[in-house]
*Asks:* 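Before I ask anything, here is the structure I am working with.
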Amino acid sequence: MSKFIFPTNNIDDIKSAYDFVVIGSGIAGMTAAIQAQELGLDVAIVEKQSVLGGNSNRASSGMNAVETSVQLEHGIVDSQESFYEDTLNGGGGTNNKALLSYFVTHVESAINWLDKHQIKLTDITSTGGMSERRAHRPGDKSAVGSYLVRGLQKQLLEKNIPLFNDTRVVSLITDNHSVTGIKLTTNKEMSFEISTKAILIATGGFSQNKSMLQEYRPELVHLKTTNHPGATGDGMMLATEVGAKLVDMAKIQVHPTVQQDTDHVYLIGEGVRGEGAILVDQKGCRFVNEMTTRDQVTAAIDALDEDGATLIFDQSIRDAFPAINFYHAVGLVTEASTISGLAKEANLNAESLSRTITDWNDYQKQGLDTAFGRQTGMPRGITQAPYYAIHIKPAIHYTMGGISINSKTEVLNKDNAPIKGLYAAGEVTGGLHGDNRIGGNSLAETVVFGRQSGKQVAKFILKL
Ligand code: ADP
């Protein structure tokens, strides 16, 4: 695949006024900008980092959707009701039901919208807590986040939508409870204001902000995070300064499978388990249904009270999840031609690891995991040498809480009334996921609610 580098716009060319300014160049922001421009608005995107795409760029497993033609082509008959139930169960029943209803009824059109914009998610895999295969991904099974980011950037270019990077929004300007503009600073220490009729806050979460973590979940501060450096919760601060309400701020997701033995922190995508990997403890024994929700897998790893746990898989699983080639290339994977060799390399008990794998292969063949009740992510056994192991530990991954919005993505104040002209979408918002987000629902959220913002802002400004 040829490397596509998005040409950002020169800050000297920024205009003094736009209909709509989008803060953040992740998938929520780009989707909203494209949708709004297609409906007739003059739009600009501002991004504080040099690197574009935020955490969206890092998503690896898939984008959940139901009742799509892709599911049917894979012989999967699914329903919005089942997607709703699984997401609600995953969130401990605490999800915002209005947002959840809008979400499950608009994911199919989100996939179709992407398809119409030359972004094709034609393959499908599983994530933890989902009763069906719903995680849509590119046909070559490559990482979905960067594929989506690139595809949307190509649309920005085609549509001449300007994107200014190294440009941070420091405050929102309101007049008489309506949005009128934003204040910006550039990396050249230049500060200025531009006026706008509407703003979308699409600035992502706060997993990199130690003082916010300290305020909301002090017991997590010592953990590492999978997030990009710009995930510092700016959007929550911008919104509260103009009267917005925050919800669910203490709900923070700790992802179970993160490799952190080097200077870098690498998320090992849930798709590795979705394609058949198991998790074992130091003895080489399984200890959890690997495909339950992230909060439960993390709790089971913590309960071992060992130094994390180990993912075990084989060549056929590696072939089904090409991100493993990357993990391998950067030295995160231990490899051996036999199970006992792998146990030795990975410091596990060889006898119990071989027994674990023999038992697991039986469960997989029968489709019945009598040990831990796993029902998904069992498309193949662990039978094809070479065999592989990755040492993992939990790390902070996603902040479920954030700005309170309604299903039109309007930002709500403390009386639950919309702040005129102010919208928010993506990880910066709170409520959709409840206590725990299901893998694959974040990308789906960014496209569904990003599009919704673009539509609602156009309706608000153009009175459509
Ligand atoms: P989502 O998944 O919700 O789209 P991402 O994390 O992918 O969120 O993207 C959010 C983007 O917003 C990141 O690229 C981040 O650097 C950017 N951002 C965060 N705060 C600001 C700010 N104050 N001004 C401009 N951009 C910001």
Side-chain angles (χ1 to χ4, degrees), residues 8-26 28-37 41-50 52-54 156 160-206 209 230-246 402-405 408-413 418-429 449-450 453-454 456-458 460-462:
T8 50
N9 294 72
N10 188 326
I11 194 64
D12 298 334
D13 297 333
I14 200 164
K15 295 195 295 184
S16 59
Y18 290 90
D19 290 333
F20 180 31
V21 175
V22 171
I23 316 174
S25 70
M30 285 194 285
T31 306
I34 294 163
Q35 182 64 79
Q37 199 251 17
L41 295 187
D42 184 22
V43 188
I45 304 176
V46 287
E47 164 60 53
K48 70 173 177 179
Q49 302 287 116
S50 305
L52 307 177
L156 296 182
N160 278 320
I161 299 175
L163 195 169
F164 303 95
N165 65 341
D166 292 319
T167 306
R168 174 194 300 267
V169 175
V170 289
S171 60
L172 309 182
I173 308 167
T174 54
D175 185 21
N176 206 10
H177 307 295
S178 279
V179 156
T180 58
I182 54 174
K183 281 192 188 149
L184 302 157
T185 60
T186 69
N187 60 349
K188 295 181 191 113
E189 308 286 305
M190 200 169 87
S191 295
F192 58 98
E193 295 179 12
I194 56 178
S195 59
T196 182
K197 296 172 191 149
I199 295 170
L200 175 67
I201 304 177
T203 49
F206 62 92
N209 186 321
T232 50
D234 299 19
M236 288 85 178
M237 292 181 250
L238 294 170
T240 47
E241 276 166 14
V242 296
K245 182 169 85 171
L246 302 181
I403 300 170
S404 172
I405 57 164
K408 290 183 181 168
T409 70
E410 293 169 324
V411 172
L412 303 178
N413 67 17
I419 299 173
K420 225 169 155 200
L422 188 58
Y423 297 77
E427 188 178 350
V428 75
T429 65
F449 288 99
S453 308
Q456 293 303 323
V457 170
F460 167 65
I461 294 178
L462 303 173

*Asks:* If every non-hydrogen atom of Thr196 is compared with every non-hydrogen atom of Val21, which pair is closest and at what distance?
*Replies:*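 Where Thr196 meets Val21 most closely, the heavy atoms are OG1-N, 3.4 Å.
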*Asks:* Within this structure, what is the CG-CE distance for the pair Leu246 and Met236, rounded to the nearest 0.5 Å?
*Replies:*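 Rounded to the nearest 0.5 Å, the CG-CE separation comes out at 7.0 Å.
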*Asks:* If I take atom CG from residue Asp166 and atom CE from residue Met190, how far apart are they, to the nearest 0.5 angstrom?
*Replies:*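 CE of Met190 is found 11.5 Å from CG of Asp166.
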*Asks:* Quick check: closest heavy atoms across Ser25 and Leu163, and the distance to 0.1 Å?
*Replies:*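 Distance-wise, the nearest heavy atoms are CB-CD1, 4.0 Å.
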*Asks:* Evaluate Leu462 against Leu41 for side-chain contact (heavy atoms from CB on, under 4.5 Å), listing each step before the verdict.
*Replies:* CA-CA 8 Å; Leu462 303 173; Leu41 295 187; 3.6 Å; yes
*Asks:* Heavy-atom distance under 4.5 Å between the side chains of Leu172 and Ile23, does that happen here?
*Replies:*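 Heavy-atom side-chain distance check passes, below 4.5 Å.
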*Asks:* Nearest 0.5 angstrom please: Ser191 OG to Arg168 CZ, how far?
*Replies:*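 It is 11.5 Å, given to the nearest 0.5 Å.
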*Asks:* Kindly indicate, with the supporting measurements, whether the criterion side-chain contact (heavy atoms from CB on, under 4.5 Å) is fulfilled by Ile14 and Phe192.
*Replies:* CA-CA 11 Å; Ile14 200 164; Phe192 58 98; 3.7 Å; yes
*Asks:* Is the side chain of Thr8 donor-acceptor paired with the backbone N or O of Phe164 at a distance under 3.5 Å, no angle test?
*Replies:*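 No; judged by distance alone, with no hydrogens or angles, the pair does not exist.
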*Asks:* Quick check: does any side chain N or O of Thr429 sit under 3.5 Å from a backbone N or O of Ala425, one acting as donor and the other as acceptor?
*Replies:*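 No; zero donor-acceptor contacts below 3.5 Å.
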*Asks:* Contact between Ile182 and Ser171 at the side-chain level, heavy atoms closer than 4.5 Å - yes or no?
*Replies:*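 The answer is no, as the side chains (C-beta and beyond) never meet within the 4.5 Å cut-off.
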*Asks:* Minimum heavy-atom separation for Ile461 and Ala198, please, with both atom names.
*Replies:*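 Closest approach of Ile461 to Ala198, heavy atoms only: CD1-CB, 3.9 Å.
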*Asks:* Distance-only, no hydrogens or angles: does the Lys48 side chain make a donor-acceptor pair with backbone N or O of Gly230 under 3.5 Å?
*Replies:*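 Side chain of Lys48 to backbone of Gly230: a pair is present.
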*Asks:* Looking only at heavy atoms, what is the nearest atom pair of Pro418 and Leu412, with distance?
*Replies:*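 Closest approach of Pro418 to Leu412: N-CD2, 3.8 Å.
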*Asks:* Which heavy atom of Ala244 sits nearest a heavy atom of Ile403, and at what distance?
*Replies:*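 Between these two residues, the closest heavy atoms are CB-CG2, 4.5 Å.
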*Asks:* So, the side chain of Thr180 versus the backbone of Ile173: is there a donor-acceptor pair under 3.5 Å, distance only?
*Replies:*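 Judged by distance alone, yes, a pair lies under 3.5 Å.
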*Asks:* Under a 4.5 Å cut-off applied to non-hydrogen side-chain atoms, are Val46 and Val169 in contact?
*Replies:*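 In short, these two side chains touch, coming nearer than 4.5 Å.
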*Asks:* Give the minimum heavy-atom separation between Val43 and Tyr18, together with the two atoms involved.
*Replies:*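 Closest approach of Val43 to Tyr18: C-CD2, 4.0 Å.
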*Asks:* Can you confirm whether the side chains of Asn209 and Thr232 place a donor and an acceptor under 3.5 Å from each other?
*Replies:*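 No.
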*Asks:* In Å and rounded to the nearest 0.5 Å, what is the CE to CD1 distance from Met237 to Ile201?
*Replies:*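 Nearest 0.5 Å value for the CE-CD1 distance: 11.5 Å.
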*Asks:* Checking the side chain of Thr409 only, and the main-chain atoms of Tyr423 only, is there a donor and an acceptor separated by less than 3.5 Å?
*Replies:*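 Flag not set: sc Thr409 to bb Tyr423 has no pair under 3.5 Å.
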*Asks:* What distance separates Leu156 CG from Leu52 CG, expressed to the nearest 0.5 Å?
*Replies:*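 Result: 9.5 Å between the selected atoms.
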*Asks:* Is there a side-chain contact (heavy atoms from CB on, under 4.5 Å) between Lys420 and Phe460? Walk through the geometry before answering.
*Replies:* CA-CA 9 Å; Lys420 225 169 155 200; Phe460 167 65; 4.0 Å; yes
*Asks:* Would you indicate whether the side-chain heavy atoms of Thr167 and Ile11 approach each other to under 4.5 Å?
*Replies:*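 Yes; the side chains approach each other to less than 4.5 Å.
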*Asks:* So Ile194 and Lys15, side-chain contact (heavy atoms from CB on, under 4.5 Å) or not? Walk me through it.
*Replies:* CA-CA 7 Å; Ile194 56 178; Lys15 295 195 295 184; over 6 Å; no
*Asks:* Distance check, rounded to the nearest 0.5 Å: Ile34 atom CD1 versus Ile45 atom CD1?
*Replies:*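 Answer for the CD1-CD1 pair, Ile34 versus Ile45, is 7.0 Å.
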